[in-house]
J.: 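First the structure, then my questions, so here it is.
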Protein chains: 2
Amino acid sequence: MARSVTILGAGLVGSLLAVLMRKRGYEITVYERRPDMRSSTISAGKSINLAMSARGWKALDLAGLRKDIEDLAIPMYGRYLHQPDGTSASQAYGKNNEAIYSVSRGELNKKLMTIAEEHGAKIHFEQRCTKVDVPTNTVHFQSADNKETIVQADLLFGSDGAFSALRNSYLFIDRAEYVQHYIEHGYKELCIPPDAAGKMMMEKNALHIWPRKNFMLIGLPNTDGTFTCTLFLPFEGDISFEKLKTEADVKQFFHTHFPDAVPLMPTLAEDFFANPTSSLVTVRVAPWHYKDKSALIGDAAHAIVPFYGQGMNAGFEDCTILCSLMDKYGDDWNTILEKYDTARKPNGDAVLDLALMNFIEMRDKVAEPSFLERKKIEKELGKRYPDQFVSVYEMVSFTHTPYATAMKCIEAQDQLLQSIMNEGDFFSNISDNTFCSRLDEWMTRYHNSVQQLDFGKEA
Amino acid sequence: MARSVTILGAGLVGSLLAVLMRKRGYEITVYERRPDMRSSTISAGKSINLAMSARGWKALDLAGLRKDIEDLAIPMYGRYLHQPDGTSASQAYGKNNEAIYSVSRGELNKKLMTIAEEHGAKIHFEQRCTKVDVPTNTVHFQSADNKETIVQADLLFGSDGAFSALRNSYLFIDRAEYVQHYIEHGYKELCIPPDAAGKMMMEKNALHIWPRKNFMLIGLPNTDGTFTCTLFLPFEGDISFEKLKTEADVKQFFHTHFPDAVPLMPTLAEDFFANPTSSLVTVRVAPWHYKDKSALIGDAAHAIVPFYGQGMNAGFEDCTILCSLMDKYGDDWNTILEKYDTARKPNGDAVLDLALMNFIEMRDKVAEPSFLERKKIEKELGKRYPDQFVSVYEMVSFTHTPYATAMKCIEAQDQLLQSIMNEGDFFSNISDNTFCSRLDEWMTRYHNSVQQLDFGKEA
């Protein structure tokens with residue numbers, strides 16, 4: 001007999017998981033802390049726009065939802081850099097015109113909830129999980145009017161986000177490991193509206209970045225013609241949120257650092273003080289499951305910073321992995337959850353580290369000419385040595401290579417590119433036969449150093 | 001008007017804090033999860049015997065309780081090492097016959113509770129704190145018969161131990177940092193009883209250690225003639241708890257590794273299977289306080305492993321620091337708690353690291369002749385250069401030097417002792433004038449490298 005499944009959180013991962021498990025015949029009940037965002041005017045939560053990439057699309061394919069979601073998505077083929085000197089530069093993300101896709105978190109979430117319900121999942125709103133007794137799978141909920149409901153769960157998933165109640169209960173499992181860390185930067189959402197005729201004010205099919213070393217502004221396109229902009233800035237210090245106390249401070253700051261953005265942001269000062277300054281947490285936890293009873297999934301298992309655009313993609317990939325384990329082990333949930341934990345936890349840790357590292361890349365390195373050069377060389381290497389070289393960025397965004405494998409390739413790729421760039425201009429050298437044969441050698445050495453890694457399926 | 005104080009946990013730190021604050025006129029109410037251990041036959045909790053040292057005594061002096069507690073304490077003047085080859089060796093802890101004191105956690109706790117009540121503190125037992133709403137200081141308790149009580153606290157202290165409910169609520173403060181880590185070793189309590197005539201079976205005034213590289217057995221004397229022994233062993237691996245499944249396994253293991261202990265442990269196998277295998281957690285958290293409303297103290301703020309004998313001492317020193325801040329700032333609890341957090345948190349982190357490092361010293365290094373030699377040299381240096389040199393062990397155990405300062409002296413002392421020991425036998429060299437003048441130079445260099453550190457009061 002198929003087990004009945006209780007899901008905590010009707011966010012992106014919880015709603016997608018509901019669809020995927022309904023399709024396998026499980027009875028699904030979802031408990032969501034917030035009111036139904038489809039009928040309320042509440043915000044979808046503090047949200048940096050999402051960038052859907054290969055891992056996200058794969059899970060949507062599994063659920064048969066690619067078409068539904070494509071309508072909400074705007075392809076971004078590369079980074080559009082707004083340099084401090086007023087110039088701009090573009091970097092394609094892939095060598096074959098690959099894109100990552102800007103999606104509104106709110107619209108995506110609403111759509112997934114509706115599809116989950118259409119598939120027969122039941123969603124209870126305004127039910128906040130207050131605690132879980134892990135050994136017995138007893139789940140306590142509190143409604144908006146403070147009524148307590150106690151649910152005896154059969155199979156339980158905590159897709160309840162970065163501040164997961166299930167995960168908090170896991171902390172009391174003997175020998176549970178946990179790290180919660182906030183980076184020193186906070187973020188604030190701002191907006192670039194279209195012009196009076198409804199025309200977008202910047203290049204539509206790109207992710208806009210104003211990299212400024214220790215801070216940055218980014219902008220992602222929306223289907224309504226606006227750009228959702230996000231300022232990432234330290235909370236404290238010389239250049240920080242705490243120093244921006246008045247409208248004059250904010251205007252001065254933007255005029256100094258983002259002069260080309262100011263004319264595009266007519267409501268800058270109002271937005272700045274109306275919108276919250278939010279913090280950025282990372283979370284590592286072990287275990288991710290308890291026997292055959294419960295498991296963490298998505299941000300609940302691996303809350304990460306948004307700088308690789310992988311938060312939702314990683315959560316959706318958790319779902320893909322779970323599905324492949326259900327394919328393999330049927331209803332043997334002891335094995336499924338054990339293998340899910342073993343296979344997936346190293347990749348959760350890896351994407352967390354990748355995301356932290358990519359912040360430095362986005363806010364700082366991307367502005368350097370040598371970085372732009374390196375990105376061009378990486379693409380050329382990928383074309384010349386398609387069986388031997390895929391850049392880490394491409395692995396993460398355009399393949400299903402385990403995150404931990406991508407992580408392990410970083411050092412070898414850094415060495416390879418360093419060797420190449422030490423020789424001077426790559427695109428001149430490449431016409432020289434001696435250089436080419438040395439390049440072959442370097443590439444063979446690189447390939448040998450990474451080929452024993454697991455580039456295959458996680459589970 | 002003095003505020004009324006709510007204390008979570010009537011353990012060692014909670015009970016001592018109750019005494020200290022009653023003496024300053026605060027109204028004190030303590031809520032304790034367990035039944036009253038003075039009238040129940042429950043154990044005092046999983047407990048390695050305590051080793052009271054200078055920091056613990058100082059806080060007891062403040063409370064006027066030294067005399068009360070001295071009656072329960074057995075001085076241990078050094079380590080008594082039981083080597084694998086059957087030989088033994090002794091190491092004095094101090095250069096002036098200083099001791100650390102073996103105290104039964106249960107007896108100490110009962111005494112402190114009684115004294116707290118005598119001073120007018122009210123203790124409610126079997127009241128488990130389930131959560132705290134940190135901004136409002138609303139505290140929820142659940143009684144043994146599942147009744148919920150909600151208390152509106154004025155000033156709240158969480159002295160509720162390594163699994164603190166107040167600390168768990170702090171995790172949801174924006175930008176709260178938290179690390180929970182279990183070491184790979186577990187522990188199990190065993191017993192060495194006196195002989196038929198009531199005579200102790202080993203040297204009474206010492207801390208007994210059977211150091212065996214990756215694991216160890218220790219024994220601390222009790223006033224009833226027994227020794228409380230504790231086996232520290234990895235949970236998993238070649239030599240581990242998981243490999244000791246049968247009585248035969250246990251006997252074989254003890255005969256191989258602790259042959260001299262076996263005849264002293266008549267109930268070894270029974271005890272081994274009757275007593276739990278417990279885990280060892282370390283916890284770092286920030287912040288330690290919330291505005292003028294609440295603060296963490298003791299293990300709740302800094303759960304550490306027991307290998308420096310500093311867990312209770314650090315918690316008692318937290319109380320000393322709080323008292324000195326109350327002396328200085330009166331009823332200004334915003335300032336008191338802010339300064340307590342700032343002053344004490346680096347020392348909580350330092351004692352955590354010191355305790356982890358001392359495990360390697362206790363189970364492994366103490367067995368090496370070079371370590372014994374080093375300890376002798378350290379004592380001699382302390383006598384020859386009393387104004388310049390105090391060993392880290394002595395700083396931690398016999399002074400009130402901030403833990404963070406002791407931690408920072410480690411590397412400089414390692415360098416100093418390495419220089420000395422590289423020259424061959426110290427106690428021969430010391431009669432050589434050239435060596436002595438070089439020693440003066442090394443000592444001056446050491447002293448210069450640490451003298452800018454804060455050896456003074458924390459707050």
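The chains referred to below are lettered A, B, ... by the order of the sequence lines, with proteins before strands, and numbering in each begins at 1. Atoms considered below: every heavy atom in the structure, side chains included; atoms not considered: hydrogens, waters and symmetry mates.
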J.: Do you know the tightest heavy-atom contact between B/Y178 and A/L171?
T.: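 The answer is CE2-CD1, 4.2 Å.
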
J.: Looking at A/K243, I'd like to know if its NZ atom is crowded, meaning that more than 12 non-hydrogen atoms belonging to other residues, nucleotides or ligands lie closer than 6.0 Å.
T.: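 Atom NZ in A/K243 is crowded, with more than 12 foreign heavy atoms closer than 6.0 Å.
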
J.: May I ask you to name which of A/V179, A/N168, A/V281 has the most heavy-atom pairs under 4.5 Å with chain B?
T.: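 Of the candidates given, the most pairs with chain B belong to A/N168.
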
J.: Measure the CD-CZ distance between B/E184 and A/R175 for me, rounded to the nearest 0.5 Å.
T.: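 That separation rounds to 8.5 Å.
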
J.: Check this for me: A/D238, atom CG, are more than 12 non-hydrogen atoms of other residues, nucleotides or ligands nearer than 6.0 Å?
T.: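 Counting neighbours around CG of A/D238, 12 or fewer heavy atoms of other residues, nucleotides or ligands fall under 6.0 Å, so no.
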
J.: Give, as side chain, backbone, both or neither, the part of B/A176 having an atom under 4.5 angstrom from any heavy atom of chain A.
T.: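 For B/A176, the contact with chain A is made by backbone and side chain together.
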
J.: On a heavy-atom basis, which atom in B/E177 and which in A/Y182 lie closest, and how many Å separate them?
T.: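 Of all heavy-atom pairs spanning B/E177 and A/Y182, the closest is OE2-N, 2.7 Å.
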
